[in-house]
Amino acid sequence: MNSTILLTTLGLSILILGLMALESHCTDARDERERQKRMQQHAKRKAKEEAEQLSEAVANAHKAVDKLNSLTGLLEVKKSIQTIINNVAVNQRREASGLKVAPMMYHCVFVGNPGTGKTTVARLLGQVYCGIGVLKKGHLIETDRSGLVAEYVGQTAAKTNSIIDSALDGVLFVDEAYTLTSGGSNDFGAEAVATLLKRMEDDRDRLVVVLAGYPDKMQQFISSNPGLKSRFSRVIHFEDYSLDELMEIFGNLLERNEYTIDPDARQMVEDMLANELQTRDEQWGNARNVRNLFEQLVRAQANRIIDNNGRSKDELQKITAGDVSNVAEQHAKAKK
């Protein structure tokens with residue numbers, strides 16, 4: 001009888017252990033199904049987020065191209081940017097067809113005088129690069145010699161690397177880049193250039209660099225270093241604006257800020273700009289000069305309105321010949 005009880009107890013124990021093992025197996029299977037389900041849901045959410053980000057980036061790229069094409073003048077610049085877009089598009093099609101894709105340099109040199117839109121185009125280029133898959137973010141980091149070169153030994157590389165880190169997945173825009181090598185043999189600018197070249201190689205898939213400056217000085221700068229010459233083969237020229245283009249920019253400023261101008265006053269503005277074009281030097285600011293002139297006219301108009309207690313909508317909008325005369329007198333005094 002004892003043996004029977006023992007066998008029965010043993011059988012029950014085995015049964016219980018079996019049930020427990022079965023339950024554990026079912027629990028493990030259920031947990032695995034839940035884990036797989038969560039992974040699938042996470043993958044779907046991630047795919048949806050990536051699709052939305054891609055869609056947004058493509059939309060921003062289209063907006064950037066539209067913005068670029070809406071800018072006054074810059075016909076050769078627009079053609080150059082479109083060529084970059086076309087090259088990337090063809091490379092993507094070749095890759096999709098199983099063909100080899102030749103390496104492509106995305107770094108650029110922007111040469112031109114001040115006020116010709118170099119910074120604006122660099123910002124739009126970053127957005128375009130993001131939209132066509134070259135960069136993940138496409139943001140623009142602006143700097144110059146002061147942002148890259150330190151005053152003491154051993155600090156320049158760290159300073160340059162810090163700026164580059166902030167530009168990763170975007171565009172680093174270095175204005176007046178030629179000043180990096182204008183300080184002589186004991187200057188730390190050469191260290192900044194060497195650091196930049198190394199990071200361009202190390203982070204080739206995450207960094208686009210745009211160097212900008214005057215045409216002649218930039219040509220000398222690029223030619224002074226084989227590393228620069230090999231990495232910056234794409235040079236985009238920004239021409240000075242013509243008088244008609246300057247007047248178009250002035251008209252856009254008026255419209256954008258809800259101002260109007262008398263015909264006589266407009267002719268006076270055109271005459272002022274024509275004279276500045278004829279006498280321009282290296283410091284001529286192109287669109288920057290037009291913006292400065294517009295701001296000076298707005299200040300002159302404000303003084304006149306307050307003096308005359310003007311309140312009507314027409315008075316608050318209109319720039320007169322008297323306003324232009326006041327600004328012209330200020331220019332004449334400044335030249336003496």
Side-chain angles (χ1 to χ4, degrees), residues 39-40 42-71 74-111 118 120-141 164-165 167-174 177 193 196-212 218-219 222-223 225-238:
M39 289 178 61
Q40 290 174 358
H42 176 73
K44 287 181 179 179
R45 284 196 302 269
K46 187 176 181 180
K48 182 180 179 182
E49 290 173 359
E50 290 177 348
E52 290 174 350
Q53 291 172 356
L54 178 60
S55 177
E56 182 180 0
V58 171
N60 288 338
H62 285 301
K63 290 179 182 178
V65 172
D66 290 342
K67 174 67 175 177
L68 175 66
N69 289 330
S70 72
L71 296 176
L74 305 178
L75 295 181
E76 292 304 316
V77 174
K78 294 170 183 176
K79 289 180 182 178
S80 296
I81 301 301
Q82 188 59 55
T83 297
I84 294 174
I85 296 172
N86 293 344
N87 283 347
V88 173
V90 170
N91 282 347
Q92 290 172 342
R93 294 178 187 180
R94 286 178 60 87
E95 185 176 12
S97 299
L99 297 172
K100 292 183 179 179
V101 176
M104 181 175 171
M105 287 287 186
Y106 299 105
H107 312 295
C108 300
V109 177
F110 287 1
V111 296
K118 296 186 291 295
T120 297
V121 173
R123 183 173 291 105
L124 295 173
L125 181 61
Q127 295 171 14
V128 169
Y129 277 159
C130 179
I132 60 181
V134 174
L135 295 169
K136 288 184 179 180
K137 296 180 181 178
H139 62 294
L140 181 75
I141 298 297
I164 293 172
D165 287 342
L168 288 177
D169 298 319
V171 174
L172 178 64
F173 179 82
V174 185
V193 173
L196 179 62
L197 290 174
K198 183 178 185 304
R199 290 295 300 273
M200 287 172 64
E201 181 64 26
D202 294 344
D203 298 297
R204 67 176 70 91
D205 296 327
R206 298 188 62 193
L207 179 68
V208 169
V209 178
V210 175
L211 306 180
M218 287 304 297
Q219 183 177 359
I222 297 298
S223 300
N225 187 307
L228 289 171
K229 195 170 184 179
S230 64
R231 288 171 176 82
F232 290 94
S233 58
R234 190 186 302 275
V235 179
I236 299 179
H237 294 267
F238 288 68

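Proximity of L228 to L211: side-chain heavy atoms (C-beta onward) are separated by under 4.5 Å at one or more points. A heavy-atom distance below 4.5 Å is not found between the side chains of L172 and M200. V109 places none of its side-chain heavy atoms less than 4.5 Å from the side chain of Q219. Contact annotation: the side chain of V128 never approaches that of L68 to less than 4.5 Å [non-hydrogen atoms, C-beta and beyond].
The two residues H237 and V111 have their closest heavy-atom pair at ND1-CG2, 3.1 Å. Taking each heavy atom of K78 and N69 in turn, the nearest pair found is NZ-O, 3.2 Å. Looking at every heavy atom in both residues, F238 comes nearest to I236 through CD1-O, 3.6 Å. In terms of heavy-atom proximity, A61 sits nearest to G131 at CB-CA, 3.6 Å. Across all their heavy atoms, A102 and N91 have their closest contact at O-ND2, 4.0 Å.
In this structure, the separation between CG on D165 and CG on L207 is 10.0 Å, given to the nearest 0.5 Å. From R206, atom CZ reaches atom NZ of K137 across 7.5 Å, with rounding to the nearest 0.5 Å. Atom NZ of K118 and atom OG1 of T120 lie 10.0 Å apart (nearest 0.5 Å). We find the CD1-CD1 distance between I164 and I141 to be 12.0 Å, quoted to the nearest 0.5 Å. Taken to the nearest 0.5 Å, the CG atom of L74 stands 10.5 Å off from the CD atom of E76. Once rounded to the nearest 0.5 Å, the distance linking CZ of F173 with CZ of R123 reads 9.0 Å.
A salt bridge is absent between E201 and K198; no separation between the charged side-chain nitrogens and carboxylate oxygens falls under 4.0 Å.
Under the salt bridge (Lys or Arg N to Asp or Glu O under 4.0 Å) criterion, no residue pair touches residues 98-111, with sequence neighbours excluded.
At least one donor-acceptor pair closer than 3.5 Å links the side chain of H107 to the backbone N or O of V209. Between the side chain of K63 and the backbone N or O of Q127, no donor-acceptor pair lies under 3.5 Å.
Every residue was checked against the side chain to side chain donor-acceptor pair (under 3.5 Å) condition with N87, not counting sequence neighbours, and none meets it. Checked against salt bridge (charged side-chain N to carboxylate O under 4.0 Å, His left out), R234 has no partners two or more places apart in sequence or in another chain.
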Where do L125 and C108 land on the side-chain contact (heavy atoms from CB on, under 4.5 Å) test, with the steps shown first?
CA-CA 10 Å; L125 181 61; C108 300; 4.2 Å; yes

Chi angles and distances behind the side-chain contact (heavy atoms from CB on, under 4.5 Å) call for V210, V121
CA-CA 10 Å; V210 175; V121 173; over 6 Å; no

Could you please spell out the steps behind the side-chain contact (heavy atoms from CB on, under 4.5 Å) verdict for N225 and R231?
CA-CA 10 Å; N225 187 307; R231 288 171 176 82; over 6 Å; no

Could you walk me through whether L99 and R93 satisfy the side-chain contact (heavy atoms from CB on, under 4.5 Å) test, starting with their C-alpha distance in whole Å, then the side-chain angles of each, then the deciding distance to 0.1 Å, before giving a yes or no?
CA-CA 9 Å; L99 297 172; R93 294 178 187 180; over 6 Å; no

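With 3.5 Å as the limit, one finds a donor-acceptor pair spanning the side chains of N86 and Q82.
The aromatic rings of Y106 and Y129 sit perpendicular to each other, their planes meeting at more than 60°, with 30° as the lower class boundary.
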